[in-house]
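Step one of this worksheet: look at the structure below.
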Amino acid sequence: MQKDVIVETRGIKKSFFVGKGKEITVLEDINLKVYSGEFVSILGQSGAGKSTLLRIMAGLVEPTEGDVLYKGKPLKKAEAKIAVVFQSFALFPWFTVLENVKIGLVGQGLNEEEMNERAVRAIDLVGLDGFEDAYPRELSGGMRQRVGIARAVAVEPELLLMDEPFSALDVLTADNLRGDIIDLWREGKMPAKAIVLVTHNIEEAVNMSSRAVVLSHNPGKVKADIPLELPYPRDKNSRDFKFLLDKIYTVLVKPPEEIPFLLAAGKYQFLPHAKVGAIAGLVELVHDKDGRVDIYALSSELSMEVDDIFPLIEASVILDFGEVREGDFILTKKGKNWAEADTLQKKEIFKEVALQNVQLIKQIMQVLSTISKHRVSEEFFIDILKNHFTPEEAWNQLETAIDWGRYAELFAYDYDAGELYLEEPQPIDL
């Protein structure tokens with residue numbers, strides 16, 4: 001039986017203009033259908049445009065190109081039957097729990113009695129009965145987020161969109177709230193016909209959803225659409241659960257085939273925000289574990305989230321210190337050599353791999369070697385990078401390149417003057 005499509009995105013592109021009319025594309029060619037009865041998670045690293053996509057699906061942000069269809073009709077603005085739960089609790093501190101929940105019902109043509117009934121029903125549903133007259137300051141973080149969820153549920157939405165609703169909570173509170181939402185969804189008590197969850201927590205996605213949509217970044221594109229066909233309640237220690245975790249980890253780290261790590265088709269290589277010391281720590285840790293680790297197991301052991309460990313893994317792959325296969329991070333011969341080398345040898349190895357594999361460092365060296373004074377302002381490189389990244393990301397990219405280049409003793413950096421320079425200019429084969 002064919003399920004109804006609740007929301008669909010067709011060829012969605014979202015760009016922002018930054019300085020002098022330069023266009024930065026955050027999302028590109030997003031084609032996605034969410035069907036009735038589905039719980040879909042959207043995954044991706046920081047900068048993948050996950051939250052932007054969610055807001056476009058909600059009608060809160062207008063796409064640059066493409067269309068959003070809600071139940072087959074173009075969505076031109078926020079729709080009453082689409083509710084959003086944000087990461088921040090977004091409660092009015094001077095309103096009670098009941099009043100905060102009722103805010104979502106204003107403008108729906110309900111009288112005061114009907115609004116009270118709906119709000120109380122939603123409050124009871126999320127387990128806050130008895131706290132109707134409490135103020136946000138009296139509630140814990142988990143209880144405040146439950147108020148946000150109750151406010152969304154009170155409008156009886158057909159589509160519930162959640163933007164990292166558990167990320168601001170402590171581990172135990174978040175796990176408890178996830179469990180309650182899954183129970184409500186499974187038992188049919190949630191009014192929504194479909195739920196879309198933005199998250200960076202892979203275990204959360206596999207535990208809660210029926211599908212995982214993985215976005216690449218710079219710009220965000222659909223990298224994979226993975227069914228998560230496991231029965232509820234899900235056993236996190238089961239072979240099938242771990243298989244899906246490994247599959248998603250592999251997809252997230254693996255670069256899109258059409259955009260290789262080196263500069264291609266006018267696109268700049270994206271450097272993960274990873275310091276050399278942290279990369280070295282990861283490589284040495286994996287080396288001590290015989291050169292191969294399960295990424296999920298490693299992240300759990302180190303209590304690191306996706307946005308913490310993936311930049312280190314990506315950086316290691318770019319530098320040819322490791323590779324990702326079947327959810328495992330495996331050291332290459334060069335990675336093993338780097339882990340075993342002494343301090344001076346480490347610098348020489350890093351210099352070699354940086355010049356071979358990092359486009360921005362090669363470009364910096366070309367410029368510094370060409371200019372007679374062998375000294376260039378950081379703004380020169382920032383202006384170039386701003387053609388490919390947002391202003392903030394342009395600085396992040398240059399800071400990463402400076403960290404890597406200084407460690408390899410390829411060039412130096414004058415912090416006060418904001419200049420990169422060669423201490424001892426010498427010809428380098430680039």
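Since the structure is predicted, the reported quantities are computational estimates derived from the model, not experimental observations.
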Minimum heavy-atom distance Pro165-Val85, with the two atoms named: CB-CG1, 4.1 Å
Exam field: side chain Asn31 to backbone Gly11, donor-acceptor pair closer than 3.5 Å: yes
side-chain hydrogen bond (donor to acceptor under 3.5 Å, both in side chains) involving Gln45 - partner list, sequence neighbours excluded: none
Approximate separation, where rounding is to 0.5 Å, of Leu230 CG and Asn207 CG: 9.5 Å
To the nearest 0.5 Å, how far apart are CD1 in Ile349 and CZ in Phe321? 7.0 Å
Between Lys71 and Asp4, is there a side-chain N and carboxylate O pair less than 4.0 Å apart? no
Check for a donor-acceptor pair, side chain of Thr332 on one end and backbone N or O of Asp320 on the other, with a separation under 3.5 Å. yes
Using the ring of Phe243 (Phe, Tyr or Trp, six-membered ring only), decide whether Lys247 places NZ or CZ under 6.0 Å from its centre and within 45 degrees of its axis. no
What verdict does the side-chain contact (heavy atoms from CB on, under 4.5 Å) test give for Lys336 and Lys333, after you've listed the backbone C-alpha separation in whole Å, the side-chain angles of each residue and the deciding distance to 0.1 Å? CA-CA 5 Å; Lys336 292 176 181 177; Lys333 182 178 180 180; 5.7 Å; no
Side chain Thr400, main chain Leu271, donor-acceptor under 3.5 Å: no
Determine the minimum heavy-atom distance between Lys193 and Trp185, stating which atoms define it. O-CH2, 3.5 Å
Closer than 4.0 angstrom, basic N to acidic O: yes or no for Lys289 and Glu301? yes
By side chain to side chain contact (heavy atoms under 4.5 Å, CB included) - contacts of Ala48 (at least two apart): Lys50, Leu215, His217
Taking the side chain as every heavy atom from C-beta outward, state whether Lys102 and Asn116 have any atom pair closer than 4.5 Å. yes
Give a yes or no answer on whether the side chain of Glu138 reaches the backbone of Tyr135 with a donor-acceptor pair at less than 3.5 Å. yes
Tell me, please, which residues at least two apart from Ala224 pass side chain to side chain contact (heavy atoms under 4.5 Å, CB included). Val214, Ile226, Val251
Looking at residues at least two apart in the chain, or sitting in another chain, which of them share a side-chain hydrogen bond (donor to acceptor under 3.5 Å, both in side chains) with Ser316? none
Please lay out, stage by stage, how Asn237 and Phe241 fare under the test side-chain contact (heavy atoms from CB on, under 4.5 Å). CA-CA 7 Å; Asn237 296 314; Phe241 193 95; over 6 Å; no
By side chain to side chain contact (heavy atoms under 4.5 Å, CB included) - contacts of Tyr232 (at least two apart): Ile182, Arg186, Arg234
Which label fits Phe92 and Trp94: parallel for a plane angle under 30°, tilted from 30 to 60°, or perpendicular past 60°? tilted
Do any N or O atoms from the side chain of Gln269 and from the backbone of Gln359 form a donor-acceptor pair under 3.5 angstrom? yes
With sequence neighbours left out, write down each residue that passes side chain to side chain contact (heavy atoms under 4.5 Å, CB included) with Glu114, or none if nothing qualifies. Leu110, Asn111
More than 12 non-hydrogen atoms from neighbouring residues, nucleotides or ligands closer than 6.0 Å to NZ on Lys347, yes or no? yes
Would you check if Arg118 and Met115 make a side-chain contact, meaning some heavy-atom pair closer than 4.5 Å? no
I'd like to check the salt bridge (Lys or Arg N to Asp or Glu O under 4.0 Å) partners of Lys334; sequence neighbours left out, ordered by chain and number. Glu352
What side-chain donor-acceptor pairs closer than 3.5 Å can you find for residues 52-62, not counting sequence neighbours?
| from | atom 1 | to | atom 2 | distance (Å) |
| --- | --- | --- | --- | --- |
| Arg55 | NH1 | Ser51 | O | 3.4 |
| Arg55 | NH1 | Asp163 | OD2 | 2.8 |

For the CG atom of Asp308 and the CG atom of Leu302, what is their distance to the nearest 0.5 Å? 10.0 Å
Nearest 0.5 Å please: distance from the CG atom of Leu355 over to the CG atom of Leu410. 5.0 Å
Please name all residues satisfying side-chain hydrogen bond (donor to acceptor under 3.5 Å, both in side chains) with Asn176, sequence neighbours left out, ordered by chain then number. Arg146
Check: Thr64 and Ser15 side chains under 4.5 Å, non-hydrogen atoms: yes
For the residue pair Glu204 and Leu197, what are the closest heavy atoms and their distance? OE2-CD2, 3.8 Å
For a side-chain contact (heavy atoms from CB on, under 4.5 Å) check, start with the C-alpha distance between Ile181 and Met190, then their side-chain angles and the critical distance, and finish with the verdict. CA-CA 8 Å; Ile181 288 176; Met190 193 74 76; 4.1 Å; yes
With sequence neighbours excluded, give me every ring-ring contact (aromatic ring centres under 6.0 Å, His included) pair touching residues 277-315. Tyr249-Phe310
Side-chain heavy atoms of Tyr70 within contact of Ile6, under 4.5 Å: yes
Ring geometry between Trp404 and Phe350 (parallel below 30°, tilted from 30 to 60°, perpendicular above 60°): perpendicular
List, one per line, each side-chain donor-acceptor pair under 3.5 Å for residues 119-134, sequence neighbours excluded.
| from | atom 1 | to | atom 2 | distance (Å) |
| --- | --- | --- | --- | --- |
| Arg121 | NH2 | Glu156 | OE2 | 3.2 |
| Glu132 | OE1 | Gly130 | N | 3.0 |
| Glu132 | OE2 | Gly130 | N | 3.4 |

Sequence neighbours excluded, the answer for side-chain hydrogen bond (donor to acceptor under 3.5 Å, both in side chains) partners of Lys13 is none
Strictly distance-based, threshold 3.5 Å: is any side-chain N or O of Ser209 a donor or acceptor partner for the main-chain N or O of Val40? no
Asp403 side chain to Val276 main-chain N or O, any donor-acceptor pair under 3.5 Å? yes
Taking it one step at a time, do Leu420 and Glu378 satisfy side-chain contact (heavy atoms from CB on, under 4.5 Å)? CA-CA 6 Å; Leu420 290 74; Glu378 60 190 16; 4.0 Å; yes
Determine whether His273 and Gln397 make a side-chain contact, defined as any pair of heavy atoms from C-beta on separated by less than 4.5 Å. yes
Expected output: side-chain Ser216 to main-chain Lys221 donor-acceptor under 3.5 Å: yes
For Lys346 and Trp338, the nearest pair of non-hydrogen atoms, with its separation, is NZ-O, 2.6 Å
Residues Ala274 and Pro311: closest non-hydrogen pair is CB-O, 3.8 Å
Please say whether more than 12 non-hydrogen atoms of neighbouring residues, nucleotides or ligands are located less than 6.0 Å from CD in Glu113. no
Residue pair Asp246 / Ile295, side-chain heavy-atom distance below 4.5 Å: no
Leu161 side chain reached by Val7 side chain, heavy atoms, under 4.5 Å: no
Stepwise salt bridge (charged side-chain N to carboxylate O under 4.0 Å, His left out) test for Asp175 and Arg178: CA-CA 5 Å; Asp175 199 48; Arg178 288 187 199 104; 3.7 Å; yes
Compare every heavy atom of Arg211 with every heavy atom of Lys33, then report the nearest pair and how far apart it is. O-NH1, 2.8 Å
Are any side-chain N or O atoms of Gln145 and backbone N or O atoms of Phe86, one a donor and one an acceptor, separated by less than 3.5 Å? yes
Side chain proximity check, Phe329 to Leu282, heavy atoms < 4.5 angstrom: yes
